[in-house]
Engineer: 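Below is the structure I would like to discuss, written out as structure tokens.
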Amino acid sequence: MRRLAYLAAGVLLWSLTALAFANIPVGTVVENVLLPALAGGEQHLLSDTNVSVFIFLKPGQEHSNQVMVQITACEKEMAGKPVHWCAVVSDRVPQADVEAQIQASGFTMPVLIDRGDALYGRFGVVLHPVVGITDQDRRLVAYQPFAKVNYRAFIRAQIRHALKEITDEELAAVLKPTAAVLSGEASVARRYFRLAEKQFQSTNYGQALSNLKKSLDKHPTAEACSLQGRILAAQGKSVEAVAVFEAALKLDPQDATALEGIKACKAAK
Amino acid sequence: MIGPIAKKNTMSQPSTIPDANRDARLKRIVICAAAGLILLTLGYPATAAAAKKSEATPVPKMRKNDLTPIPDLQKPVSAHSPYQDGDCSVCHQRKDRSDPGMINKPVNELCLDCHDDFAKVMARKSSHVPAKLNCVSCHNPHNARQPHLLVEESETLCLSCHAAISNLVTNAKVKHDALGVDHKCANCHNPHAASVEHLLIRLPFDLCVGCHGKDGVKDHDGKVLANMKQLLTDNSHQHGPVADKDCSACHTPHGGDNFRLLTKEYPAQFYSPYDPKLYALCFDCHEESMVKDPKTTTLTKFRNGDQNLHFVHVNKDERGRTCRACHEVHAARQIHQIRDAVPYGRTGYLLKVNFTQSPTGGSCDRTCHVMRSYTNSVVPLVPPKTEAVPPKSP
């Protein structure tokens with residue numbers, strides 16, 4: 001019991017210690033600094049009116065290169081939405097290298113230069129590459145470090161959540177997708193049912209009943225019981241058919257096939 | 001005017017090319033050469049190109065299998081119910097086993113008639129191309145020598161198309177035993193479709209702790225591994241990729257050349273001369289300058305004023321402390337995953353680190369050294385430019 005309580009507390013703590021920049025927790029309003037742009041002139045890190053996505057990159061680094069490709073695809077997917085995009089690179093990386101990497105990855109968003117890693121230090125970036133997302137009020141709403149799996153889906157969902165296009169539950173469903181476990185007994189039962197349906201249509205009653213039994217043994221449903229009743233009725237076994245239809249109604253009192261089947265059996269008598 | 005040249009076989013008919021076209025051709029060659037030179041000068045960023053290339057979904061070749069029913073004498077392990085029932089007309093034109101005729105519908109349409117739950121399965125975000133196009137790439141619709149009507153043993157079947165993984169698994173110095181037990185590839189992958197990329201049944205972390213969240217799990221060489229679930233419950237300060245549930249950031253699940261299936265090099269020892277190559281794994285995400293620059297006011301909080309204490313500890317020609325000397329890799333009780341204690345001497349006696357955090361820094365007491373504290377002053381808005389000092393050679 002105590003072990004379980006510890007485990008639950010651990011999970012809770014885990015969710016509470018949400019990922020964030022070392023110096024800027026999620027929920028903080030981020031200062032809209034002006035930085036020199038790679039293309040010339042100066043540009044703000046954030047938009048004062050739109051959702052902003054900024055990416056700390058290290059051109060030449062394997063993960064950053066992958067992110068450049070993924071973010072470019074993400075930007076294209078979200079074209080037309082009120083999102084301000086930019087990347088931040090350190091002035092340590094030679095400008096020619098940055099430009100070459102950008103060209104190779106098809107990266108189109110503005111690239112801002114972080115002189116002396118000042119912004120890196122203020123945010124407490126620690127890792128490269130990392131994405132920050134702020135809302136219309138410049139509040140940091142998401143922090144997404146690199147992930148080898150489902151990365152673009154994570155980023156897209158975080159942006160859509162910031163744009164209020166998806167709910168908390170929908171975001172959670174992306175961040176923690178449902179497990180793709182192999183089919184359970186209900187699915188196998190359904191297959192036997194579908195096969196029995198086909199065999200019933202081709203008047204192969206014996207095998208249809210045999211497969212229905214397998215289906216019902218695995219996962220009893222009103223639908224399967226009703227089909228069993230129809231087969232028995234077709235074989236002229238009205239008494240057994242009514243019993244099976246009644247079993248179907250116990251599983252689903254509204255099952256139309258069973259209700260009609262009972263009526264038909266009684267009328268045939 | 002380069003059009004006419006392109007249409008002609010200029011190699012076999014050089015004398016027929018008018019001078020004007022020859023000029024155009026020369027111009028084109030010069031432009032191409034210049035472009036090539038520019039690319040060479042800038043250094044073509046192969047890594048970015050490779051990253052772009054790796055985005056493309058690999059399409060393994062479709063298998064063509066012999067789908068003839070296996071005679072009962074050969075003792076098939078699994079059989080398809082319609083075949084077992086002897087009613088060929090469920091799928092074929094006729095009931096007659098000796099002459100069933102063609103199938104009634106395209107293969108997958110026919111399968112999904114009964115296996116209709118698969119319509120929902122195949123709608124998942126990440127789907128397996130052969131499963132989407134042709135169920136009989138992997139399954140024999142009559143019977144098979146393998147469970148689930150598989151045409152071959154499951155791992156052999158997967159690796160027959162996934163040659164790169166096959167090579168990796170075969171040649172890896174460090175093996176991952178999960179690949180060869182229970183459901184083999186299907187321990188982690190759903191061969192039909194999944195909501196996670198690479199057909200993973202769950203996100204990497206959730207898959208990994210499925211096995212590594214238990215006591216007594218051993219690696220390929222028999223070494224007992226930590227119960228990660230318990231370790232993370234007991235230690236709230238987690239490494240970024242762990243907190244982000246991305247084990248694959250540092251580990252390669254199919255096998256590899258580095259210990260603990262690490263994707264890149266990472267020093268296994270406590271002491272090591274500083275060589276950036278040894279830290280390839282760490283520098284995949286962490287800024288190398290954090291260890292290279294003797295002075296900084298931005299790259300790390302582990303500094304005394306502007307004296308970079310990461311540099312002081314790590315960047316040494318001899319007996320440089322490796323990352324593991326002070327940090328736990330997965331999680332720790334203390335901030336920055338600082339270890340409670342470090343192994344000391346041949347017996348591995350645990351020497352307490354006695355790290356204490358303060359609002360402006362911290363201290364380590366009676367550990368590798370006498371009590372020493374550091375203060376990282378507030379980061380200035382525009383730090384003074386410091387001359388980068390080249391790293392010491394190892």
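In what follows, every chain begins at residue 1, and chains take the letters A, B, ... in the order their sequences are listed.
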Engineer: Going by distance alone, is a donor N or O of one side chain under 3.5 Å from an acceptor N or O of the other, for A:Ser64 and A:His128?
Structural biologist: no
Engineer: Quick test of your reading of the model: are B:Asp293 and A:Arg92 salt-bridged, counting only N-O distances below 4.0 Å?
Structural biologist: yes
Engineer: Under 4.5 Å from any heavy atom of chain A, what part of B:Phe283 do you find: side chain, backbone, both or neither?
Structural biologist: backbone
Engineer: Is it the backbone or the side chain of A:Tyr192 that comes under 4.5 Å from a heavy atom of chain B, or both, or neither?
Structural biologist: side chain
Engineer: Taking every non-hydrogen pair under 4.5 Å, which of B:Ala194, B:Gly240, B:Pro204, B:Gly86 racks up the most with chain A?
Structural biologist: B:Pro204
Engineer: Testing the 3.5 Å rule here: is there a donor-acceptor pair between the side chains of B:Ser248 and B:Asp246?
Structural biologist: yes
Engineer: Quick one: do B:Asp116 and A:Arg191 make a salt bridge, cutoff under 4.0 Å?
Structural biologist: no
Engineer: What part of B:Ala186 gets within 4.5 angstrom of chain A, counting heavy atoms only: side chain, backbone, both, or neither?
Structural biologist: neither
Engineer: Chain B heavy atoms under 4.5 Å from A:Phe154: which part of the residue, side chain, backbone, both or neither?
Structural biologist: side chain
Engineer: Taking atom types as modelled, is there a side-chain donor on A:Asn204 or B:Asp85 under 3.5 Å from an acceptor on the other?
Structural biologist: no
Engineer: Side chain, backbone, both or neither: which part of A:Lys198 has an atom under 4.5 Å from a heavy atom of chain B?
Structural biologist: side chain
Engineer: When the ring centroid of A:Tyr120 is compared with that of A:Phe21, is the distance short of 6.0 Å?
Structural biologist: no
Engineer: Quick check on B:Asp284 against chain A: is it the side chain, the backbone, both or neither that has a heavy atom closer than 4.5 Å?
Structural biologist: both
Engineer: Is B:His198 close to chain A through its backbone or its side chain, or both, or neither, when contacts mean heavy atoms under 4.5 Å?
Structural biologist: side chain
Engineer: Under 4.0 Å between a side-chain nitrogen and a carboxylate oxygen: does that hold for A:Arg194 and A:Glu223?
Structural biologist: no
Engineer: Side chain, backbone, both or neither: which part of B:Leu203 has an atom under 4.5 Å from a heavy atom of chain A?
Structural biologist: side chain
Engineer: Can you tell which part of A:Glu99 gets under 4.5 Å to a heavy atom of chain B, answering side chain, backbone, both or neither?
Structural biologist: neither
Engineer: Could you check if a side-chain atom of B:Lys125 sits within less than 4.5 angstrom of a side-chain atom of A:Asn150, using non-hydrogen atoms only?
Structural biologist: yes
Engineer: Taking side chain as everything from C-beta outward and backbone as N, CA, C, O, which of these in A:Ile102 sits under 4.5 Å from a heavy atom of chain B? Side chain, backbone, both or neither.
Structural biologist: neither
Engineer: Any idea which of A:Gln199, A:Glu197, A:Gln201 has the most non-hydrogen atom pairs under 4.5 angstrom with chain B?
Structural biologist: A:Gln199
Engineer: With respect to chain B, which residue among A:Val126, A:Val33, A:Val67 yields the maximal number of heavy-atom pairs within a distance under 4.5 Å?
Structural biologist: A:Val126
Engineer: Name the member of B:Ser289, B:Ser89, B:Pro241, B:Ala193 that forms the most heavy-atom pairs with chain A at distances under 4.5 Å.
Structural biologist: B:Ser289
Engineer: Run the salt-bridge test on A:Glu170 and A:Arg160 with the 4.0 Å N-O cut-off and return the result as yes or no.
Structural biologist: no
Engineer: Under a 4.5 Å heavy-atom cut-off, does chain A meet the side chain of B:Lys264, its backbone, both or neither?
Structural biologist: side chain
Engineer: Report yes or no: do A:Asn211 and A:Gln207 form a side-chain donor-acceptor pair below 3.5 Å?
Structural biologist: no
